[in-house]
Visitor: 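The following block contains the structure, expressed as structure tokens.
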Amino acid sequence: MKLSKEKLQSDKLSCLDNTEKAEESETASSGGKRKVVKESSESPDSPEFSRWLMKSEPDSRFENGIDVKFGIEDLKALPDQTGCWDGVRNYQARNFMRQMKEGQSAFFYHSNCKEPGIAGIMKIVKEAYVDHTQFDRKDVHYDAGSKPDNPKWSMVDVQYQRMLKRYLPLSELKKYHLQQRAKGGPLKDMALFTRARLSVQPLTTEEFDFVLSLEDKEPL
DNA sequence: GCCAACGTTGGC
DNA sequence: GCCAACGTTGGC
């Protein structure tokens, strides 16, 4: 996953988005089937999430000669501390992004680094629209199978809010998760552990608030 | 529509 | 660098 600065300008052009297209969604994870369904994201009674966790890599890593590094400091450094979350190429992650509403909060999670964990908080400032990198042959996340008249991939814009008072390592969150999986507690079903490889995940408000409360506690 | 092979993610 | 977990692909 990566965000990038160059993308911001083109955002303005894409205001006449594809609200219609964003309404259709391929089925989440059903093994390659690409069914196109008329939307209501999932099942009509699927829980509505309002908090999120989004993963990105803070360290340099080269994919096809391109550095995919994008940590919270990189987001903070962008104009208006705002960037687009492009490059998501997983249907479940994409569908969660399509459920995001302006103003909602998301944790910025640092993955694939020395100490993975939650670094800070950001806010959704623009709801899902076409991820233009899917059409860019030069881009790491170019998708030859996606056509401009029926784009497959979406992204949202996010704005930096703040760092957590202290970095919350995955290892610590995991201790709480294991503890609470046994005895009960807000993190017992946290997607970070039950859906380990998903790069955009929903959190219940209970999960979100509990994680947030940890920044005022001593490391476990 | 099943499922084995394959590829990727990402913690360790 | 290894490899487990798991999503995706494609043959049947």
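What you see is a predicted model; the values in this text were computed from it and never measured. Reminder, nothing fancy here: chain letters follow the sequence lines and each chain counts from 1.
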Visitor: Can you measure A:Asp59 atom CG to B:dG10 atom P for me and round it to whole angstrom units?
Guide: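 From A:Asp59 CG to B:dG10 P: 14 Å.
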Visitor: List the residues meeting side-chain hydrogen bond (donor to acceptor under 3.5 Å, both in side chains) with A:Ser60, not counting sequence neighbours, and say none if there are none.
Guide: A:Asp67
Visitor: Closer than 4.0 Å, any side-chain N/O of A:Tyr109 to the OP1 or OP2 of B:dG11?
Guide: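 The answer is yes; a side-chain N or O of A:Tyr109 sits under 4.0 Å from OP1 or OP2.
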Visitor: Between C:dG7 atom C1' and A:Asn95 atom CG, what is the distance in whole Å?
Guide: 14 Å
Visitor: For nucleotides 1-6 of chain C, give me one character per nucleotide, 5' to 3': B if any protein heavy atom sits under 4.0 Å from the base, S if the only such contacts are to the sugar-phosphate, - if neither.
Guide: ----BB
Visitor: Does a donor on one side chain and an acceptor on the other come within less than 3.5 Å for A:Ser154 and A:Arg94?
Guide: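 There is no such pair between these side chains.
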Visitor: Among B:dG10, C:dT8, B:dC12, which nucleotide has an atom closest to any side-chain atom of A:Asn90?
Guide: C:dT8
Visitor: Counting the atoms with a prime plus P, OP1 and OP2 as sugar-phosphate, which does A:Lys174 contact under 4.0 Å by heavy atoms, base, sugar-phosphate, or nothing?
Guide: sugar-phosphate
Visitor: Check salt bridge (Lys or Arg N to Asp or Glu O under 4.0 Å) between A:Asp59 and all other residues, then give those that pass, not counting sequence neighbours.
Guide: none
Visitor: Could you check how far CD of A:Gln201 sits from P of C:dG7, rounded to whole Å?
Guide: 12 Å
Visitor: Take the protein atom CD of A:Glu63 and the nucleotide atom P of B:dG7, then report the distance between them rounded to whole Å.
Guide: 15 Å
Visitor: A:Leu53 CG to B:dG10 P: how many Å, rounded?
Guide: 11 Å
Visitor: Which residues pass the side-chain hydrogen bond (donor to acceptor under 3.5 Å, both in side chains) test with A:Asn112, not counting sequence neighbours?
Guide: A:Glu57
Visitor: Quick one: salt bridge (charged side-chain N to carboxylate O under 4.0 Å, His left out) pairs with a partner in residues 210-220 of chain A, sequence neighbours left out?
Guide: A:Arg162-A:Glu215, A:Lys165-A:Asp216
Visitor: Does some side-chain heavy atom of A:Lys123 sit less than 4.5 Å from a side-chain heavy atom of A:Gln161?
Guide: yes
Visitor: Check the distance between C:dG7's P and A:Phe96's CZ and give it to me in whole angstrom.
Guide: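 Computing the A:Phe96:CZ to C:dG7:P distance gives 11 Å.
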Visitor: Enumerate the residue pairs fulfilling side-chain hydrogen bond (donor to acceptor under 3.5 Å, both in side chains) with a member in residues 178-195 of chain A, sequence neighbours excluded, ordered by first and then second residue.
Guide: A:Gln92-A:Arg195
Visitor: Return no unless some side-chain N or O of A:Lys55 is found under 4.0 Å from OP1 or OP2 of B:dG10.
Guide: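 The answer is yes; a side-chain N or O of A:Lys55 sits under 4.0 Å from OP1 or OP2.
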Visitor: Please state how far atom CE in A:Met54 lies from atom C1' in B:dG10, giving the value in whole angstrom units.
Guide: 18 Å
Visitor: In whole angstroms, how far is the P atom of C:dT8 from the NZ atom of A:Lys152?
Guide: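 Result: 10 Å.
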